[in-house]
Amino acid sequence: QVQLVESGGGLVQAGGSLRLSCVASGRTFSIYDMGWFRQAPGKEREFVAAISRPIGNTAYADSVKGRFTISTDNAKNTVYLQMNSLKPEDTAVYYCAADRSQAVQSTTPDYWGQGTQVTVSS
């Protein structure tokens with residue numbers, strides 16, 4: 001199985017930056033795609049960004065394109081989400097996700113992290 005552990009959330013002012021990290025462990029060789037979702041209070045969970053393995057193709061939600069960057073450090077089994085120019089509407093719990101066979105935005109991912117809170121003040 002795969003375990004995902006997130007870190008890096010916190011409180012930041014609008015216009016600031018945060019970098020989220022997701023460390024994968026266990027049967028990491030089985031992962032095809034990893035990405036990030038977020039869920040704000042009272043809203044549905046929404047896709048943010050994803051990166052495929054081993055090619056590294058990326059995908060972003062329109063709401064974050066140009067501001068967020070997803071990347072991978074294979075040596076550390078870690079996926080990052082660099083978030084720049086943060087806006088109050090980015091406030092949400094951010095979840096790392098992984099799937100064994102499909103892009104995470106195209107399915108219900110097989111694995112989820114515990115979530116990390118990102119709060120952007122105006």
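All residue numbers refer to positions in the sequence shown, counting from 1.
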- Task: Give the intermediate values and the outcome of side chain to side chain contact (heavy atoms under 4.5 Å, CB included) for residues Tyr111 and Met34.
- Result: CA-CA 9 Å; Tyr111 307 104; Met34 295 185 66; over 6 Å; no
- Do any pairs count as a side-chain hydrogen bond (donor to acceptor under 3.5 Å, both in side chains) and have a residue in residues 26-36, sequence neighbours left out, and if so which ones?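 Counting only pairs at least two positions apart or across chains, no side-chain hydrogen bond (donor to acceptor under 3.5 Å, both in side chains) contact touches residues 26-36.
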- Between Tyr80 and Arg19, is there a cation-pi geometry (under 6.0 Å to ring centre, at most 45° from the normal)?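 Positive - Arg19 is close enough to the ring of Tyr80 and near enough to its axis.
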- Atom pair CD/CD1 of Gln82 and Ile70 - distance to nearest 0.5 Å: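 These two atoms lie 12.0 Å from each other.
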- Could you check Arg53 against Thr72 for side chain to side chain contact (heavy atoms under 4.5 Å, CB included), going step by step and ending with a plain yes or no? CA-CA 9 Å; Arg53 296 176 63 182; Thr72 300; 5.8 Å; no
- Student check: side-chain heavy atoms of Pro109 and Tyr95 closer than 4.5 Å: no
- Task: Report yes if some heavy atom in the side chain of Val64 is under 4.5 Å from a heavy atom in the side chain of Met83; otherwise report no.
- Result: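 No, side chains not in contact.
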Measure across [X] and [Y] and return the closest heavy-atom pair with its distance rounded to 0.1 Å.
X     : Y      : result
Ser21 : Thr78  : CB-CG2, 4.2 Å
Ala40 : Thr91  : CB-O, 3.7 Å
Ser17 : Asn84  : OG-OD1, 2.9 Å
Glu6  : Gln114 : O-NE2, 3.0 Å

Any sub-3.5 Å donor-acceptor pair from [X]'s side-chain atoms to [Y]'s backbone N or O?
X     : Y      : result
Asp99 : Asp110 : yes
Gln1  : Gly26  : no
Ser85 : Arg67  : no

- Message: Quick test of your reading: applying disulfide bond (SG atoms under 2.5 Å apart), list the pairs with at least one residue in residues 13-98, sequence neighbours left out, ordered by first then second residue.
- Response: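 Listed once each, the pairs are Cys22-Cys96.
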Identify whether [X] and [Y] are in the same connected component of the hydrophobic contact network (ILVMFWY, side-chain heavy atoms under 4.5 Å).
X     : Y      : value
Val93 : Val104 : yes
Phe47 : Trp112 : yes
Val12 : Leu81  : yes
Phe37 : Leu86  : no

- Message: Below 30° counts as parallel, above 60° as perpendicular, anything between as tilted: where do the rings of Tyr94 and Phe68 land?
- Response: tilted
Only pairs under 3.5 Å count here: list side-chain donor-acceptor contacts from residues 115-122, not counting sequence neighbours, and write none if there are none.
unit_1, atom_1, unit_2, atom_2, d
Thr116, OG1, Gly9, N, 3.2
Gln117, NE2, Ala92, O, 3.4
Gln117, NE2, Thr119, OG1, 3.3

